[in-house]
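Structure record follows, encoded as structure tokens.
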2 protein chains.
Amino acid sequence: MNAAPTVYDVAERSGVSIATVSRVYRNPDSVRAATRERVLAAARELGYVPSGNARGLASRSTGVLGLCFPDYADPDTADIEDDDAAMLYSDQIIRGMERAARRHGYALLIAASLEGGPESLVAKVAGRVDGFAVLARTVPTEELEVISRRQPVVMLAGPRADPSLDHLDHVEVANEDGQYELTRHLLHDHGLRRLAYVGVDDTSPDVEARFRGFRRACAEAGVDTGTEPALRMPMMTQAEGARAADLLCGSDTDTDGERPEAFVFANDQMAVGALQALERRGVRVPDDVVVTGFDGIPLSRLVRPSLTTVRQPMVRLGEQAAELLIGRLHGQSGDEPVSLVLPVSVARRESCGCAGKGTGTFGAV
Amino acid sequence: MNAAPTVYDVAERSGVSIATVSRVYRNPDSVRAATRERVLAAARELGYVPSGNARGLASRSTGVLGLCFPDYADPDTADIEDDDAAMLYSDQIIRGMERAARRHGYALLIAASLEGGPESLVAKVAGRVDGFAVLARTVPTEELEVISRRQPVVMLAGPRADPSLDHLDHVEVANEDGQYELTRHLLHDHGLRRLAYVGVDDTSPDVEARFRGFRRACAEAGVDTGTEPALRMPMMTQAEGARAADLLCGSDTDTDGERPEAFVFANDQMAVGALQALERRGVRVPDDVVVTGFDGIPLSRLVRPSLTTVRQPMVRLGEQAAELLIGRLHGQSGDEPVSLVLPVSVARRESCGCAGKGTGTFGAV
DNA sequence: TTGAAAGCGCTAACAC
DNA sequence: GTGTTAGCGCTTTCAA
């Protein structure tokens, strides 16, 4: 690749000053039509493309929004040869953010965490964008705190855990309410009583909120649950979900010495793993046991039986993140940090016995 | 937001020169440990984040790859409240490209086309990345030609139509072979004879290739097809697909004065639209008529009956794009332009009568 | 190992 | 309208 032409080259070739060349690109109307054409022509001949870096440097803004997310590669999912099934939240958030950003003339820079030197992920992204969103716990709190002093940052999913990050905008989904609704459905509509909640060791704000929703629904129905999930697995993967199902079936861990009527998982991945384990054991879902998940990942409806779950509006999440950032950049939002909680919806599908026998082209969704 | 601290601030605070500060970030080992710590500490206290723009400007490289894609918002899809169903190729390509880029330490900048001033989409992206991929026909050929003189560009999907772009790397999928296989399946396995191909007015290289595959299969089976698709719609949307189905059913356009046995659509969107139209008319699929698509979008398997189609490996496409770019950037690829054709696979589902009755957790996929 | 100084390509005041 | 002139914050020789 040859050295790229610069404003100077274009200016010389078209017989104007570099300032005029710059104007032609930034504010075409401020230049006489004839001059403009001359400049544009020269630029075309030379193959001139303005350097985004130089522009950003000089104008202190890039027209780019950023998104940092964790290296969410569930090893179980990794080798599913089916791309659709492997689509994760992050993909949906990206989609939403890109759309909203685009509407406002911004582009989106995305980067997943990956170990590195002193140049952490955020630093890399932060240095090239006007503002960015971070999926909960993708980056060290301290680092975020530092960076957020310099540019707008919004936290996604996961309540603002750390008080030092209280000044950040943040948007999450109604984890507690969602799990509450789903549990209530099981209790009330299906008349179940012995429910086992499966959480995770590593205490995550989202999962804790979901568990609270579960407990609240149980309490209201007069069903006793401990203050702890029936089971906590080390990770929220399919493999662990399968193990959980085995544990719940095999040894008689519950009060009655019987298998619970329903396995309520903290996420879809685990629930899917459980579905497979149960099938291997010959336990029928939902006839012998009901299984539910949380998230509404695409895979959840591809499995058989399709998974009853709580759907998170991930695309909306991404859109909101972009809107919030842009609002800040334009100084529209006040000084107060904004905190949004997006509503979720329960997807009643086959694994709880709601069949959802599809009719019509879009049935069974 | 306060003015962000710079190398000068950090240098001053830690009693070194700006050159040393720079070294600490670029090549930590070239600085004595004690000095390094001092610099890092100062940076932390100040909340220093290196400016990506300044770095890029000075070093002539950004560590970012770009992706430009069209504003693929099928208006029909736009208001499906179901995010999963709305996932398009572009999302899958993004996913693949991001993953591959990440593996090599690059971030990804994505931008969809949108009308603008002289600052076209590409220019904006091109100015901020080390190289980028473009979905076929997202940007004017001429512009691409100019830009590709300065940085690596790879064309995605869609054969290198324009000879002036012959020097670009490019990767596409086996459109012709895919449609050939699918058609052969209809002809051979299902014994169909009267097939109607539905294409699009706007002659697209991909669609033409698919149609060639269709013709080849028909010719081999001794089935006569014209040199033209049975129908060409103005756009490849669901609405147009529905219209096409109506046309194919309503008026007796085909040779026999009868409805064709199969509607072979150039893409999934149209096929899905057709499915709905047929349902409205009370025409049963696949009993009364067989319908097929092309692409393998997620929606294709959510509809009922699920759509028999040709699945494109979009994630792979994205990965290949990134690999190609990175290869160029590292000067590994030779001088010759690389041209890849990724294999596709036929998904036999319900709409052709292959049912695909699912068994097992992942059945019916 | 560290510092000094010269850009990198553009924007933004400010004159003309 | 258009030109002049400073930087923007960093990397990069070249010396020391």
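Chain identifiers are assigned alphabetically (A, B, ...) following the order of the sequence lines, protein sequences preceding nucleic acid strands; residue numbering begins at 1 within each chain. Keep in mind it's a predicted model, so treat the numbers as computed, not measured.
A nucleotide of DNA chain C counts as in contact with chain B when one of its atoms lies under 4.0 Å from a heavy atom; the first and last such, 5' to 3', are C:dT1 to C:dG9.
Residues meeting the side-chain contact (heavy atoms from CB on, under 4.5 Å) test with A:Val129, sequence neighbours left out: A:Val64, A:Leu109, A:Val125, A:Phe132, A:Gln151. Not counting sequence neighbours, the partners of A:Ser17 by the side-chain contact (heavy atoms from CB on, under 4.5 Å) test are A:Ala19, A:Thr20. Residues that satisfy the side chain to side chain donor-acceptor pair (under 3.5 Å) test with A:Glu142, not counting sequence neighbours, are absent from this structure. Every residue was checked against the side-chain contact (heavy atoms from CB on, under 4.5 Å) condition with A:Asp335, not counting sequence neighbours, and none meets it. Applying the side chain to side chain donor-acceptor pair (under 3.5 Å) criterion to B:Gln320, with sequence neighbours excluded, gives no partner residue. With sequence neighbours left out, the side-chain contact (heavy atoms from CB on, under 4.5 Å) criterion links A:Val10 to A:Ser14, A:Val21, A:Val39, A:Ala42, A:Ala43, A:Leu46, A:Tyr48.
Minimum heavy-atom separation, B:Asp9 to B:Ala4: OD2-O, 4.3 Å.
Applying the 4.0 Å criterion to OP1 and OP2 of D:dG3, one finds that A:Thr20 has a side-chain N or O inside that range.
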| said: Each nucleotide in nucleotides 6-16 of chain D should get exactly one letter: B, S or -. Can you fill that in based on protein heavy atoms under 4.0 Å? | reply: -BBBBBB----
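For the ring pair (Phe, Tyr, Trp, His ring centres under 6.0 Å) condition, no pair includes a residue of residues 137-156 of chain A, sequence neighbours left out.
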